[in-house]
There are 2 protein chains.
Amino acid sequence: MKRSPSAARADVPLKLWIVLARAFDAVNRHSRASIARFGLGTTEFGVLEVLYHKGELPVCEVQRRILVESSSTTYVVDKLYERGLVRRRPSATDRRVTLLALTTTGRRLIERSFPPHAAAMRRAVGALPPREQAQAVRLLRALGTGAALQPLAEP
Amino acid sequence: MKRSPSAARADVPLKLWIVLARAFDAVNRHSRASIARFGLGTTEFGVLEVLYHKGELPVCEVQRRILVESSSTTYVVDKLYERGLVRRRPSATDRRVTLLALTTTGRRLIERSFPPHAAAMRRAVGALPPREQAQAVRLLRALGTGAALQPLAEP
DNA sequence: GTCAAATATCTCGATTTCGAAGCAATATGG
DNA sequence: CCATATTGCTTCGAAATCGAGATATTTGAC
């Protein structure tokens, strides 16, 4: 018979939060190290990548996918613009919107950066067997969307 | 028979990295919002919490648990020190080491902050049923330790 | 139609984090 | 021992991120 565990020891939700943070941190270190090889920051890479895979997009759509606040998005896009990696164009249908797209230089950079980065990320998570990777994807998707739906704690 | 999916669509490892990042972000927003209620930042809270649960610890032990670089640890501990929430004491056995502990004020703050924060985090991950939470803990633990063991990409 | 609410983007100042490097103390392998 | 590596902690400057709010535009309720 199991002796009754302390409440803390059995607190699965808190444990989940901790291992989630640790796992993210561990994998994120790989991501940053990999991306640094191409002279880019994580967020810069994220912008180039989404434009590479989705084509021209409004700034707000890009923002949604790179997980930073709007002011940070502006900052990062500015830097990419100054480096000649993206171009801006006003939307014809909504005059609030700026559309972003890769320049030729930007496309070339992400084209040669993405494959080795993807390989590095596959190695980073590769210790987990494929079957469990698929399970983890399912659980994390549910966890993420679930958490996004809960209302945030209020002041 | 399934038609052959594009390579990208079947790339479970990359998908895993994406949903991991999304899930972390979603839950982390809850964490930050919750902690902000007590006038603390995420990392500050982390320091107080580890000292609360583990007692007096060397700075390096604290750092290992809060997932930031050593220079950031110094910065955060300084702030807590200036606010009178932690005290520093040289180790008797290793003169490189500084031991950190809560002051009475610090203890009182974390004592009344931790329970509501824990409750908020339980709500944040609560959309996932308990059984799947336990599964996720197991998978994320394996993922995290596995990733930590892989060598980082080099310049 | 009109007006309030929502959305898209940007500005600005403050905070947080990092990375490289330095210093002191301790561990280690000849 | 003793030279050398490693560890613990800090300093410094640069970079990234946030949050609050300004502005312009669009949407939606009435």
Side-chain angles (χ1 to χ4, degrees), chain A residues 21 24-25 28-37 39-48 56-83 86-100 152-155, chain B residues 21 24-25 28-37 39-47 56-83 86-101 152-155:
Chain A
F24 173 76
D25 181 68
N28 194 35
R29 284 173 194 275
H30 286 272
S31 178
R32 279 190 294 169
S34 165
I35 290 173
R37 294 180 293 176
L40 291 168
T42 305
T43 310
E44 294 174 322
F45 186 90
V47 172
L48 297 184
E56 189 172 51
L57 283 179
V59 172
C60 63
E61 284 298 323
V62 172
Q63 190 220 322
R64 243 167 230 126
R65 297 164 197 265
I66 60 174
L67 307 176
V68 299
E69 298 303 316
S70 61
S71 53
S72 306
T73 308
T74 300
Y75 170 77
V76 173
V77 169
D78 269 348
K79 286 185 51 182
L80 294 173
Y81 183 80
E82 283 158 19
R83 287 173 64 178
V86 304
R87 61 175 169 71
R88 291 189 232 236
R89 180 171 78 88
S91 162
T93 63
D94 186 336
R95 294 198 304 188
R96 293 170 301 182
V97 168
T98 301
L99 295 168
L100 291 181
L152 291 176
E154 283 182 35
Chain B
F24 172 76
D25 181 69
N28 195 34
R29 283 173 195 274
H30 286 273
S31 177
R32 278 191 294 171
S34 166
I35 290 173
R37 295 180 293 176
L40 292 168
T42 304
T43 310
E44 294 175 321
F45 186 90
V47 173
E56 189 172 51
L57 282 180
V59 172
C60 63
E61 283 299 322
V62 172
Q63 189 220 324
R64 245 168 228 125
R65 297 164 197 265
I66 60 175
L67 307 176
V68 299
E69 297 305 314
S70 61
S71 54
S72 306
T73 308
T74 299
Y75 169 78
V76 172
V77 169
D78 269 349
K79 284 185 52 183
L80 294 173
Y81 183 80
E82 283 159 18
R83 287 172 65 178
V86 304
R87 61 175 168 71
R88 293 190 231 235
R89 179 171 78 88
S91 163
T93 63
D94 186 336
R95 294 197 304 186
R96 292 169 301 182
V97 169
T98 302
L99 295 168
L100 291 180
L152 291 177
E154 284 183 37

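When reading the values below, keep in mind they use all heavy atoms of this one structure, side chains included, and skip hydrogens, waters and symmetry mates. Every chain is numbered from 1 and lettered A, B, ... according to where its sequence line falls, protein lines coming before strand lines.
A:Asp78 places its CG atom 15 Å from the P atom of D:dA15, with the value rounded to the nearest Å. Between the OH atom of B:Tyr75 and the C1' atom of C:dC18 there is a distance of 13 Å, given to the nearest Å. We find that CG of A:Asn28 is positioned 13 Å from C1' of C:dC18, with the value rounded to whole Å. For A:Glu82 and D:dA16, the CD to P distance is 12 Å, given to the nearest whole Å. Separating the CZ atom of B:Arg32 from the P atom of C:dT15 is a distance of 16 Å, rounded to the nearest angstrom. Nucleotide C:dT16 holds its C1' atom 18 Å from the CZ atom of B:Phe45, rounded to whole Å. Whole-Å rounding puts the A:Leu99 CG to C:dC10 C1' distance at 16 Å. Summarising the geometry, the separation between CG on B:Leu57 and C1' on D:dG8 is reported as 14 Å, rounded to the nearest angstrom.
Atoms OG1 and CG, on A:Thr43 and A:Leu48 in that order, are 11.0 Å from each other to the nearest 0.5 Å. Between the CG atom in B:Asp25 and the NE2 atom in B:His30 there is a gap of 10.0 Å [rounded to 0.5 Å].
Formation of a donor-acceptor pair under 3.5 Å by the A:Arg83 side chain with backbone atoms of A:Leu80 is not found in this model.
Distances shown here put every side-chain N or O of A:Arg95 at or beyond 4.0 Å from the OP1 or OP2 atom of D:dT27. Contact between the side-chain N/O atoms of B:Arg88 and the OP1/OP2 oxygens of D:dT10 is found at a separation under 4.0 Å. OP1 or OP2 of D:dA15 has not a single side-chain nitrogen or oxygen of A:Lys79 nearer than 4.0 Å.
The stretch residues 58-74 of chain B touches DNA chain C through B:Val68, B:Glu69, B:Ser71, B:Ser72, each having a heavy atom under 4.0 angstrom from the strand.
A search for side chain to side chain contact (heavy atoms under 4.5 Å, CB included) contacts involving B:Thr98 returns B:Val59, B:Arg88, not counting sequence neighbours. Applying the salt bridge (Lys or Arg N to Asp or Glu O under 4.0 Å) criterion to B:Glu69, with sequence neighbours excluded, gives A:Arg29. Under the salt bridge (Lys or Arg N to Asp or Glu O under 4.0 Å) criterion, B:Arg87 pairs with B:Glu56, not counting sequence neighbours.
Side-chain atoms of A:Arg96 lie closest to C:dA8 of the nucleotides C:dA8, C:dT9, D:dG8. Picking from D:dA15, D:dT17, D:dT25 the nucleotide with the shortest atom distance to the side chain of A:Val76 gives D:dT17.
The bend of the helix from C:dG1-D:dC30 to C:dG30-D:dC1, defined by the angle between the axes of its first five and last five pairs, stands at 50° to the nearest 10°.
Looking at heavy atoms from C-beta onward, B:Asn28 lies in side-chain contact with B:Ser31 at the 4.5 angstrom threshold.
Residue A:Thr43 is in sugar-phosphate contact alone, with no base atom involved, counting any heavy-atom pair closer than 4.0 Å across all strands shown.
Applying the side chain to side chain contact (heavy atoms under 4.5 Å, CB included) test between A:Glu44 and each of A:Val77, A:Val76, A:Val86 identifies A:Val76 as the sole match.
Across every non-hydrogen atom of A:Ile35 and A:Gly41, the tightest pair is CG2-O, 3.7 Å.
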Quiz: residues 60-68 of chain A side-chain donor-acceptor pairs under 3.5 angstrom, not counting sequence neighbours:
unit_1: A:Glu61; atom_1: OE2; unit_2: A:Arg64; atom_2: NH1; d: 2.9
unit_1: A:Gln63; atom_1: NE2; unit_2: A:Val68; atom_2: O; d: 3.1

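Nearest-nucleotide assignment on DNA chain D puts the 5′-proximal partner with A:Glu44, out of A:Asp94 and A:Glu44.
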